[in-house]
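Worksheet: one structure, shown below.
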Amino acid sequence: MISLLSGLNPEQLEAVTLPYQSALILAGAGSGKTRVLTTRIAHLIHSGQVSPNGILAVTFTNKASREMMARIAAMLPINTRGMWIGTFHGLCHRMLRAHYQDAGLPKTFQILDIGDQQAIIKRMLKDLAVDEKAFPPRQIQWFINHAKEEGLRASQVEAHDSFTRRMLEFYRVYETLCMREGMVDFAELLLRCYELLTRNEILRHHYRDRFSHILVDEFQDTNRLQYRWLKLLAGVDLPRSAVVFAVGDDDQSIYAFRGAHTGNMQDLEHDFAIQKIIKLEQNYRSHGNILEAANALIEHNRGRLGKNLWTSEGHGEPVRVYNAVTDFDEAAFIVDEIKALHSEGVALSDIALLYRSNAQSRVLEHSLFNASLSYRVYGGMRFFERQEIKHALAYLRLIAHPDDDHALLRVINFPPRGIGARTLEQLQDEAKLHQTSLWSAALNKSGGETTAISDEGKAKKGLPSFVHLIMMMQRACANLPLPETIRYMLTHSGLLSHYGLERDGAERLENLNELINAATSFVHEAEDDSLVAFLSHASLEGGEHQADHHQDALQLMTVHAAKGLEFHTVFLSGLEEGLFPHENSRNEVNGLEEERRLMYVAMTRARRRLYLSFSQSRMLHGQTHYNIASRFITEIPDHLLKWLQPLSKVNSESFRSVSEQAGFTFGRNSWGQSAGKEAIQERLTANSSEQLSRWRIGQNVSHAKFGTGVIINYQGEGADIRVQVQFNRAGTKWLLLEYAKLTPL
DNA sequence: GCATTCACAATCGCG
DNA sequence: TTGTGAATGC
């Protein structure tokens with residue numbers, strides 16, 4: 001017991017040992033939030049206040065819930081597998097599977113991921129003969145999802161204009177389509193579950209009685225529906241309600257665009273009669289200067305709950321700022337700094353390159369590639385979203401549930417087997433006529449089961465062969481374990497041979513193989529190893545590829561993706577008006593404040609060293625844009641910043657053009673306000689007047705130990721000045737000018 | 001049925 | 001600049 005609670009600071013301890021009452025924990029970045037959450041659970045169980053069955057802990061990401069389970073398992077000798085710890089979607093899914101009948105779902109209901117959903121909407125538009133340009137699928141998707149996230153069915157949305165009425169029509173049709181095929185999208189998982197509990201009093205009471213402690217991670221990210229779900233589950237209106245332990249940070253709320261409602265924090269205070277908000281402000285991650293800078297920045301936001309991070313560590317290094325001429329220059333600077341850091345012993349994997357939008361990674365990747373630095377870009381295509389995997393999953397879906405029109409359409413002619421648009425059209429007409437699924441129509445058309453089976457081996461083409469294929473797979477699946485089913489399906493569907501012949505098919509084959517591996521480990525780990533369970537798993541777990549994870553590589557990702565992570569060094573690039581804060585955020589309610597929180601999240605990822613950089617010109621969408629530095633830089637007090645200006649820029653004539661360009665671009669600030677314009681101009685001038693010395697790029701030098709070489713770069717100022725020398729024999733080194741005792745040649 | 005061409009759009013993205 | 005989807009040609 002002592003070991004469980006030891007090492008907690010007073011606030012953490014208070015939170016962990018709170019008596020039976022609902023609580024809101026304001027946990028700043030790096031304040032040991034996860035530790036508090038997991039220790040709280042362990043403490044509740046260990047002290048006998050609740051059994052593991054009485055706890056429901058909910059997170060947003062699978063990663064977070066896995067980590068939570070692992071940490072609890074490390075603290076207590078219990079099996080965490082049966083516990084109700086998971087994501088909102090995962091837990092709702094669990095309830096819906098357990099009570100599918102009460103929820104009005106077929107036993108084999110399938111989960112739609114974002115891509116499936118879009119495909120269905122497109123199919124619907126085609127059916128309705130609606131022009132995609134007039135009503136972009138993306139927009140319809142957004143409308144439907146947002147309505148659901150607000151907890152609204154089509155009948156509950158108010159429509160005051162013709163556009164909304166049209167959207168609602170789509171919402172309704174989409175809904176009937178999904179229900180007919182037994183498909184449930186992500187938002188539907190939550191809404192269904194919520195409605196199930198609302199309608200079914202017995203179930204509601206069952207779960208209310210079962211869960212006495214509900215713990216919520218990242219509470220600031222909850223949307224309205226999730227909050228209502230929590231309220232319902234806790235039963236706030238009942239005398240014997242559960243208590244909620246919510247952990248969150250309003251300053252790190254960066255997901256308003258996907259429905260997060262920070263007002264939930266105030267609502268929680270009120271609805272759950274929160275007596276006291278506990279603030280965790282001691283930061284165990286970053287050095288003082290970084291924290292001070294982040295604090296100063298976030299101070300510019302209004303209506304905060306209020307929080308100031310502090311550390312018992314020292315100030316550490318100043319926040320470095322670099323003003324680049326071009327995006328290429330910015331990337332080159334970052335590469336140079338990385339090389340220096342790496343040679344000083346910082347692991348590449350402990351360095352992150354963050355940016356506001358994905359498009360910015362390209363320039364960085366280019367420079368990193370040329371410098372032979374290994375890197376990993378996060379947020380690309382996920383494993384289960386790849387087309388070859390999607391195709392394979394479609395076959396599996398048909399095995400489990402042949403009435404899945406969506407899956408059928410995906411693979412009925414893939415690999416090509418001579419079923420063209422014409423056959424398909426007939427099939428769809430037939431299905432429409434009899435109000436049945438495409439599969440039933442196909443059965444009818446191909447002469448029914450008996451014919452297809454008696455044709456065994458002969459039918460190679462057309463509809464009968466497809467019908468035969470699927471039935472054959474279904475029979476095989478009944479007797480084989482999951483991985484073998486998949487192997488069988490891959491071979492007999494022709495996917496393997498198809499990709500085997502394709503030009504770039506090797507990687508796809510690898511992925512298909514990986515699918516068998518994924519199924520193998522799924523069968524080992526999951527309680528329910530059925531095909532349907534595996535399909536749900538594939539949709540709910542995006543399937544982040546864990547391969548080559550151990551390799552020491554730089555981490556490239558958006559600021560959003562970096563939330564929750566930490567690194568020794570963080571490079572935050574593209575700090576320009578229009579990019580960060582992003583142009584589009586101007587049209588959003590409180591958009592600028594959300595951008596500022598995003599910046600805050602980015603800064604607080606750094607443990608020891610933080611670089612902020614911006615470029616005066618940047619290639620975007622094939623056009624050169626001229627930008628001014630982000631206002632966020634000017635919102636950080638000067639004494640925390642250290643402006644870097646490599647002398648290479650000062651000495652070359654490029655610097656002159658930089659100042660001129662800067663003057664020119666200030667006039668083009670699309671944001672209207674030009675906060676900090678003077679300050680930046682001032683710094684530019686200050687930097688240009690100093691730092692002219694006998695040392696310059698291209699200067700040949702001699703070193704006592706390394707021999708002769710040439711200066712290829714340098715940075716810093718005053719006593720801190722460092723030069724990068726390419727030696728003839730000893731390679732490239734960064735040297736402190738003051739100590740290196742270089743002799744000019 | 002498949003390959004090539006053209007127009008168009010372009011934040012962030014958990015499950 | 002790059003990726004996507006529809007239109008077009010073989």
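When reading the values below, keep in mind they use all heavy atoms of this one structure, side chains included, and skip hydrogens, waters and symmetry mates. Quick note on labels: first sequence line is chain A, next is B, and so on, each numbered from 1.
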Kindly indicate, with the supporting measurements, whether the criterion salt bridge (charged side-chain N to carboxylate O under 4.0 Å, His left out) is fulfilled by A:D113 and A:K390. CA-CA 11 Å; A:D113 70 16; A:K390 279 283 187 194; 2.5 Å; yes

Figure out the CG/P separation between A:D113 and B:dG15, and round it to whole Å. 12 Å

Between the protein and nucleotides 2-5 of chain C, are there any N/O to N/O pairs under 3.5 Å, and if so, what are the atom names and distances?
none

Pairwise side-chain contact, A:E514 with A:I389, heavy-atom cut-off 4.5 Å (strictly under): no

Applying side chain to side chain donor-acceptor pair (under 3.5 Å), which residue pairs with at least one partner in residues 182-193 of chain A are found, sequence neighbours left out? A:Q117-A:D185, A:K148-A:D185, A:K148-A:E188, A:R153-A:E188, A:Y174-A:D185, A:E188-A:R192

Under the side chain to side chain donor-acceptor pair (under 3.5 Å) rule, what do A:Q252 and A:Y600 come out as? Steps first, then yes or no, please. CA-CA 7 Å; A:Q252 290 190 72; A:Y600 176 76; over 6 Å; no

Salt bridge or not for A:E67 and A:K63, using N-O below 4.0 Å? no

Students often mix this up, so state it plainly: with edges at 30° and 60°, are the rings of A:Y207 and A:F211 parallel, tilted or perpendicular? parallel

Parallel, tilted or perpendicular: rings of A:F414 and A:Y499 (30°, 60°): tilted

Do A:F245 and A:L37 come within less than 4.5 Å of each other through their side chains, counting heavy atoms only? yes

Any base atoms under 4.0 Å from A:N413, or only sugar-phosphate, or nothing? Heavy atoms, all strands. sugar-phosphate

Interatomic distance at C1', C:dG3 relative to B:dC14, whole Å: 24 Å

Can you build the contact string for nucleotides 3-14 of chain B? Use B for base contact, S for sugar-phosphate-only contact, and - for no protein heavy atom under 4.0 Å. -------BBBBB

Suppose you measure atom C1' in C:dG5 against the same atom in B:dC12; what distance do you get, rounded to whole Å? 24 Å

